[in-house]
Amino acid sequence: MAEAIVSGVFERLTSFSLQVAENGVRLVVGVNEELKKIGTTLCTIRAVLADAEKRQVKEQAVKLWLDRLQNVAYDIEDLLDGWSTVVIRSKIEESQSSFRLSSLQPFANSIPRLVRRRGIATKIKELSESLQVIAKEKDDFAFIVNLIRNDDIEPERPKTTCFVDASEIRGRDQDKNSIISMLLSENGQERGVPIISIVGMGGIGKTTLAQIVYNDREVNAYFQKKLWVCVSDPFDEMRIAKAILEALTGIPSGLGELNTVLEKIHESIVGKKFLLVLDDVWTEDERKWQSLKCCLKSGAPPGSKILVTTRKENVATVMGCTRLFHLGKLSEEECWSLFSQVAFSGWNHRARQILADIGKKIADKCNGLPLAAKTLGGLLRFKKSREQWQRILDSNMWELDEAETGLFSPLLLSYYDLPAPLRQCFSYCAIFPKGYKIEKDLLIKLWMAQGFLGDGNGMEIVGEEYFDNLAMRSFFQEFETDENDDGIIRCKMHDIVHDFAQLLRKRECYVVASNGIEEQRAEWYHESARHLRVILDNEQAVIPSLLYNAKKLRSLLVDSCPSNSSTLNASLPRLFDQVTCLRMLDLSNNRYRKQTSITELPCQIGELIHLRYVSLEGNKGLKELPMTLWDLCNLQTLNIRLCSSIQSSKFIPEGLINLRHLQNAETYGCTSKAFGLKRSILLQTLEEFVVEPFGYLLAWDGEQILKESEMHRSNLCDLGTFALLRGNLKIIGLGDVSRRDAEEAGLWKKTGLRNLTLSFNSMYKGMRVLEGAYAHESSVLEALQPPLYLESLDINRMNGPTAFPSWMVSLTMLKRVRLWACFNWKTLPPMWKLPVLEHLEIWEMKNVKEVGQEFMGAETEKGQASSSSSSSVNNNIAFPSLKHLKFQSMDDWQEWNYGHLLTTMPLLCSLKINSCLKLKSLPRHLLQKTTLQVLDIFDCPILTERYSRNGTGEDWHYISHIPTITIDGEDVKREGN
């Protein structure tokens, strides 16, 4: 890891020198020479770091030497970053000639003094001398010099983009059947809830076996409720109880008392046969388990079971285990099968034969551990020569006695095979708790904030590549993909892999609870602490006093209980005065969506000049952001999602020049102008853009908007500044804009946009608008042409007549459309023309009485589809790709005519009709399609009567072939079922 840190500092030193030269900054005499000396020394040290990194595993003296080197490198980077910030801020101040912000003024006036201060020169000299000492010490270790740096090697890209599915089990069929038999057995003599424990060493597959059993078809049929909780270490009764309650109810719990939560659990399980899986239990303190055990025991009906996975048999005993199952290692053949499945994925038969003999020897060294087999398989999958495989077989890493039976040995082999930048990206994952679902997008932003991805415009792309490389080497697992299954959105780390990451970040990364639950070590604090997660999980909890001395922190995450919000609010000003090296600050309140944790963000946040990432998500009581937040010119990501009480400020400077991601969904009442984004030209994420109009549309004369409104412009045209926008964008308040503003927004140029919502509501609710004022909406919609690669479109709250922009049929990637709350539409637009549309939802079209050929497709007399574009229709097929169709809350809808094209919706598999009270019938041609798998009718009284199966439904025979039919929330049973 030191290799990546030193390399990053060296690159930062080079870029800083260029920045000083470009901006004409004058340095104190001698400083330039010291900077050059630091650069030369770093270059010399880098040549031995590859050898030092590997030797530190066995040699404590080398480990201590690397620790000292890292600390000095961090200090140099902090100094350079602060200095660079001064230069950036001075440029901002110079460009803001129209105003002078008081909060910036003192800082700006001090720039010449700060740059020339003797204190800076002294600090540079001290760091240079420390580095010289470290450089001399390296000669005592006789390191091997390597002039080809590992971080110069580009991460190896696979020839295929698919990930290995290493979840296929080897040699566990008998184990699976044994556990299932225990779960399904009913013994009337057993008192309470039987507890079955799977015991085995780390990496042997306990969690995987539990998952297979948990998802088994027989198990699903036997239990009425199934609950999965990742316990890990420590055993936090409150957190586990809340997790169980949330699994039972589907609603996050904001309760603050353990007894209240247990009572709710008891109420929820009474009379319901349940299976509770407690994965990865460590605690040997019976008292921590007792209250939860009593709660489950008193409410459980016969047949309920608890399944525990643990590495220690003593833990199983403490928990009152009634049946113990020791999970053994894989046989040599099973281990080889799993290893080869991963290592040889995508290889041809001859290539497999060439390396099979070495591969079997490597598999034997995995000692029957599935995790080791998968890890080494992922490492060797992209190594094609015998020499590369032989090098792994002969590595001295196999001689380690670390952890459990040398399990870290294969992980170290994979770790040191990574380029240096990927190593620090992986080890940084130690900041997440065990069992945590890691959001890929968040992880990349955190890597970016720490400087792991460089400082160019393509940091996010580099982050994607790094993530993919780590995933393909089995450092991540349990991937969750997006709706189209074409991209990973979150993942987990295996517990052993997480332990390994924590080992790598030892004395740098900590998790601390102020109530003492997670303080496994008496002295958690160390002067080299860089990354910290603080848990304040009850109303008595306070910020640990030692935290105020952790002045070198680069990451701080605070998980706070809502009941101690006043304590946290009071602690933040003092805390911000101390932790001035922070790159990442997370004060989000995701665990308590219905309550608030922070009500005020102190102005001292402006002093944290190194900040790149700030998250305040979910703090609904936060009413305003301090003006000093806009002093953070290095800020890359600001997350204020669900901060619904934040109000627009009267005046905001434009200082966030490096902002790349503004995550501002559901910040109601805060217009986009409030964020001062005009200079944020690097912006890529803007989840919501709220239009702030400067005038009102009073009338429409048939051809143009009245001149009075032309004199006033909305801020929609500001969107034209953000050429790099990608992902999701929601525009609110389009009812107040002109076509000219819409054109200048330039949506069609933003080729990275994938999901777009256009909301035509007016920001002036309750104001009387003259007749015809909404006729301009069609032209505004036409001007808001999105990029060709758009995949999802939502149009809502249009007040004018039915609109169908000409550009819609050109969106050849458009798969999802939702149209809703366009109350004055009397007909539906010709959606049948969209060639790749798969999902279509139409809601709250209250004036639509008939859906006919204009929506379903029409044919001309010559048999050709009535479309001006032949490319939009394929052989007279309407909705050629549509799979899912939903109508909801169509108050006046009565008739649904099939249309006149030869083929309509040939791929339809799901049809849902909700709250359409007057609809008389459904098109028979649709109902009789063999592709239709799901029909859901809810709150449609006429349809319910027509299609019911009680003998009176006249059209039951038209739908009886559909596999899944739900009417008013109840599954319709067929004869024989």
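Scope of the values below: all heavy atoms of this structure, side chains included, with no hydrogens, waters or symmetry mates. Please read all numbers here as calculations on a predicted model, not as lab measurements.
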Please test L69 against I5 for side-chain contact (heavy atoms from CB on, under 4.5 Å), starting from the C-alpha separation and ending with a verdict. CA-CA 9 Å; L69 173 61; I5 297 170; over 6 Å; no

Centroid-centroid under 6.0 Å between F500 and Y415 rings: yes

Under the criterion salt bridge (Lys or Arg N to Asp or Glu O under 4.0 Å), which of R423, K54, R46 is the partner of E3? R423

Kindly determine whether K730 and N728 satisfy side-chain contact (heavy atoms from CB on, under 4.5 Å), including the steps that lead there. CA-CA 7 Å; K730 180 178 183 179; N728 307 331; over 6 Å; no

Below 30° counts as parallel, above 60° as perpendicular, anything between as tilted: where do the rings of F143 and W65 land? tilted

Results of ring-ring contact (aromatic ring centres under 6.0 Å, His included) for Y74 - residues two or more places apart only: none

If the plane angle is over 60° it's perpendicular, under 30° parallel, otherwise tilted; pick one for F475 and F426. tilted

Can you see which heavy atom on I358 is nearest to which on Q390, and at what distance? CD1-OE1, 3.6 Å

Counting only N and O atoms by type, is there a donor-acceptor contact under 3.5 Å from the side chain of E11 to the main-chain atoms of G8? no

Can any side-chain N or O of W347 pair as donor or acceptor with the backbone N or O of R381 at less than 3.5 Å? yes

What one should report as the nearest heavy-atom pair of L659 and T637 is CD1-N, 4.1 Å

Determine whether Q477 and M493 make a side-chain contact, defined as any pair of heavy atoms from C-beta on separated by less than 4.5 Å. no

What's the shortest heavy-atom distance between D495 and G435, and which atoms? OD1-N, 4.3 Å

How long is the gap from CD on Q663 to CZ on R641, to the nearest 0.5 Å? 4.0 Å

Residues R754, D482: salt bridge by 4.0 Å N-O rule: no

Full working for side-chain contact (heavy atoms from CB on, under 4.5 Å) between K138 and L49: CA-CA 10 Å; K138 78 177 181 0; L49 287 181; over 6 Å; no

Regarding E480 and R490, does a basic nitrogen lie under 4.0 Å from an acidic carboxylate oxygen? yes

Pair E460-Q684, side-chain donor/acceptor within less than 3.5 Å: yes

Stepwise, does the side-chain contact (heavy atoms from CB on, under 4.5 Å) test hold for R554 with D78? CA-CA 10 Å; R554 292 184 161 219; D78 287 339; 3.0 Å; yes

For the residue pair H531 / S555, report whether a side-chain donor-acceptor contact shorter than 3.5 Å exists. yes

Which class fits the ring pair F467 and W447: parallel under 30°, tilted 30 to 60°, perpendicular over 60°? tilted

Does the side chain of T85 come under 3.5 Å of the side chain of N634 through a donor N or O and an acceptor N or O? yes

If we count only N and O atoms by modelled type, under 3.5 Å, do the side chains of Q211 and E478 hold a donor and an acceptor together? yes

Salt bridge check, D280 against K206: does any charged N sit closer than 4.0 Å to a carboxylate O? no

Taking every heavy atom of E687 against every heavy atom of A665, the minimum-distance pair comes out as OE1-N, 3.0 Å

